[in-house]
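In each ligand, atom 1 is the first atom listed, and ligand 1 is the first ligand listed. FYI, the numbering just counts along the sequence from 1. Being a predicted model, the structure only gives us computed values, none of them experimental. The figures here come from the full heavy-atom set of this structure, side chains too, leaving out hydrogens, waters and symmetry mates.
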Amino acid sequence: MSRHVEPEWEAVGSVADFEPDRPERCEVGDVAVMVVRTSDDRVHALFDTCSHAEVPLSEGEIVDGEIECWLHGSTFNLTTGKPSCLPAVDPVPVYPTKIEGDVIYVATNVEL
Ligand code: FES
């Protein structure tokens with residue numbers, strides 16, 4: 001039987017700290033997370049390691065609403081973490097986010 005887990009929110013910065021479509025690496029607890037505020041003002045948080053060869057996704061670029069890994073070019077959906085093209089085949093974990101006031105929060109004790 002599954003048990004509901006409450007997110008443990010951690011502040012990662014203010015909205016103004018995150019330029020639109022520029023991924024940032026944030027340490028949330030002991031987890032490295034890529035946080036990005038997209039140009040439509042949504043905030044996404046993904047595990048900051050490509051599922052293909054373990055380089056930081058935060059060093060990639062947002063292309064057509066997805067994060068593109070700089071090493072071999074796989075792109076990952078920001079909402080599901082699923083790769084849209086090879087060579088990556090496995091998804092990366094996606095974490096819940098929220099904005100309260102002008103502060104962005106991420107929780108890494110649960111995955112979406
Ligand atoms: S390391 Fe990311 S696609 Fe290969």
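Side-chain atoms of Asp21 and Thr38 include no donor-acceptor pair closer than 3.5 Å. Glu68 and Ser74 form no side-chain donor-acceptor contact under 3.5 Å, judged by distance and modelled atom types alone.
Counting atoms of ligand 1 from 1 in the listed order, those under 4.0 Å from a heavy atom of Ala53 are 1 (S). Every atom of ligand 1 is numbered from 1 in the order shown, and the set under 4.0 Å from a heavy atom of Ser74 is 3 (S). Ligand-side atoms of ligand 1 in range of Leu71: 1 (S), range being under 4.0 angstrom from any heavy atom.
His52 lies apart from atom 2 (Fe) of ligand 1 in this respect, since none of its N, O or S atoms is found at a distance under 2.8 Å.
Taking atom 2 (Fe) of ligand 1 as the apex, the angle formed with SG of Cys69 and SG of Cys50 is 110°, to the nearest 10 degrees.
The heavy-atom pair separating Ile104 from Phe18 by the smallest distance is CD1-CD1, 3.6 Å. When all heavy atoms are compared, the tightest approach of Ala32 to Phe47 is O-CD1, 3.7 Å.
Note that NE2 of His44 is 8.5 Å distant from CE of Met34, once rounded to the nearest 0.5 Å.
As for His72, its N/O/S atom nearest atom 4 (Fe) of ligand 1 is the one called ND1.
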